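All values reported here derive from a predicted model rather than from experimental measurement.
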Amino acid sequence: MSLPPGDIVLDAQSFGRLQRFFQEASGIHLGANKHALVAGRLRKRLNHLGLRDFAAYCDLLLEDQDADERRQAVHLLTTHETYFFREAAHFRLLTERVLPTLAAPRIWSAACSTGEETYSLAMTLDDTLGDRKWTLVGSDISDEAVAHSRRGLYRMQRLDAMPPQYLKRYCLRGTGHYAGSLLIDPGLRRRVQFFTHNLLEEPGERSRFDAIFLRNVLIYFDGEQKRRILQRVLSRLEPGGWLFVGHSESLQGLDLPLQSAGKAVYRRTA
């Protein structure tokens, strides 16, 4: 008989093993202040698997090398805090300053979580460029998040920042079993590609881009990891290309070929 989720205690030794696992898998260090968060996110998983303690779960992750469970754990421990048109000033700058200068924009939405940012970009591109060609890809470390993005099915929540005309034009409201949900228009979904990618590794996507959105993810890495990630990302950005980071993120002291072009916006120097 499995224990109720709230009765399974995350002991210090198991937390240390989970810290090492997640650091190796994602490059992100879970500090001691994340103990309760880790326990809360994984307890139901232990109950689902019929495991009585976190030590057994660590054995499953670290010794048996269960690839499916490792992917599930990474997904559960990764923060997926996002919503449509987050930090809206970036989309205005994209529309007013970036897109008018490009014949066929190529954009990468890196660390796109469950796809809200990527589809916000797709709506912006389609509305602004009309019949002009554009390319948009999104990536995330979590296979589950990427699968969610490809489905394009979302709860009708946190839509305040989405322009009403976009909600009407690009989103289908669910009925019956899907009441309270929206589905991104299939025609728009077909124009976006998603792939799984760890930012600490060389991207399999070999294209070069005119703009890269790398927002609200660098805060989870230390200075050296941040520099390595940005070096890899910038290797895919055209000279003069635009890099968008989160409003709370700073690139000071990293000695990178970037010039400030606005709040949390940079351009790659030649």
Once the angle between the rings of His148 and Tyr154 is folded into 0 to 90°, is it parallel (under 30°), tilted (30 to 60°) or perpendicular (over 60°)? tilted

Parallel, tilted or perpendicular: which one describes the rings of Phe213 and Phe244, with boundaries at 30° and 60°?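 Because their plane-to-plane angle is under 30°, the rings of Phe213 and Phe244 count as parallel.
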
Can you confirm whether more than 12 heavy atoms, excluding those of [X], are under 6.0 Å from its [atom1] atom?
| X | atom1 | answer |
| --- | --- | --- |
| Asn33 | CG | yes |
| Glu224 | CD | yes |
| Glu238 | CD | yes |
| His48 | NE2 | no |
| Arg132 | CZ | yes |

Should [X] and [Y] be counted in the same cluster of Ile, Leu, Val, Met, Phe, Trp and Tyr side chains packed under 4.5 Å apart?
| X | Y | result |
| --- | --- | --- |
| Val217 | Val245 | yes |
| Leu251 | Leu237 | yes |
| Leu129 | Val137 | no |
| Phe91 | Ile212 | no |
| Trp108 | Leu256 | yes |

Do [X] and [Y] have a side chain donor and acceptor closer than 3.5 Å?
| X | Y | answer |
| --- | --- | --- |
| Arg215 | His90 | yes |
| Glu117 | Tyr83 | no |
| Thr118 | Ser109 | yes |
| Thr114 | Glu116 | yes |

Would you call [X] and [Y] a salt bridge, taking side-chain N to carboxylate O under 4.0 Å as the test?
| X | Y | answer |
| --- | --- | --- |
| Arg227 | Asp255 | no |
| Glu87 | Lys263 | no |
| Glu69 | Arg45 | yes |

Contact summary for [X] and [Y], nearest pair of heavy atoms:
| X | Y | value |
| --- | --- | --- |
| Ala261 | Arg267 | CB-CG, 3.7 Å |
| Asp126 | Arg191 | OD1-NH1, 3.6 Å |
| Leu172 | Pro186 | CD1-CD, 4.0 Å |
| Met123 | Cys171 | CE-SG, 3.9 Å |
| Gly31 | Gln19 | C-NE2, 4.0 Å |
| Arg208 | Pro239 | NH2-CD, 3.6 Å |

Would you say [X]'s side chain and [Y]'s backbone share a donor-acceptor pair under 3.5 angstrom?
| X | Y | answer |
| --- | --- | --- |
| Arg106 | Asp210 | no |
| Arg43 | Ile8 | yes |
| Glu24 | Phe21 | no |
| Ser113 | Gly115 | no |

Can you find a heavy atom in the side chain of [X] that is under 4.5 Å from one in the side chain of [Y]?
| X | Y | answer |
| --- | --- | --- |
| Phe22 | Val38 | no |
| Gln72 | Ser142 | no |
| His247 | Asn216 | no |
| Arg97 | Trp242 | yes |
| Lys226 | Leu254 | yes |
| Asp140 | Ser149 | no |
| Leu214 | Leu199 | yes |
| Leu234 | Pro257 | yes |

Can the ring centroids of Phe85 and Tyr166 be said to lie less than 6.0 angstrom from one another? yes

Please lay out, stage by stage, how Leu182 and Leu159 fare under the test side chain to side chain contact (heavy atoms under 4.5 Å, CB included). CA-CA 11 Å; Leu182 65 83; Leu159 298 176; 3.7 Å; yes

Test Leu76 against Glu144 for side chain to side chain contact (heavy atoms under 4.5 Å, CB included), laying out the working first. CA-CA 9 Å; Leu76 291 171; Glu144 286 77 7; over 6 Å; no

When rounded to the nearest 0.5 angstrom, what distance separates [atom1] in [X] from [atom2] in [Y]?
| X | Y | atom1 | atom2 | answer |
| --- | --- | --- | --- | --- |
| Tyr119 | Leu188 | OH | CG | 7.5 Å |
| Ser14 | Tyr57 | OG | OH | 12.0 Å |
| Leu200 | Ile229 | CG | CD1 | 4.5 Å |
| Asp53 | Leu10 | CG | CG | 10.5 Å |
| Leu243 | Tyr266 | CG | OH | 8.0 Å |
| Leu94 | Leu125 | CG | CG | 6.0 Å |

Check step by step if side chain to side chain contact (heavy atoms under 4.5 Å, CB included) holds for Phe209 and Ile107. CA-CA 5 Å; Phe209 300 93; Ile107 298 179; 5.5 Å; no

Step by step, work out the side chain to side chain contact (heavy atoms under 4.5 Å, CB included) result for Trp134 and Leu99. CA-CA 10 Å; Trp134 51 269; Leu99 296 182; over 6 Å; no

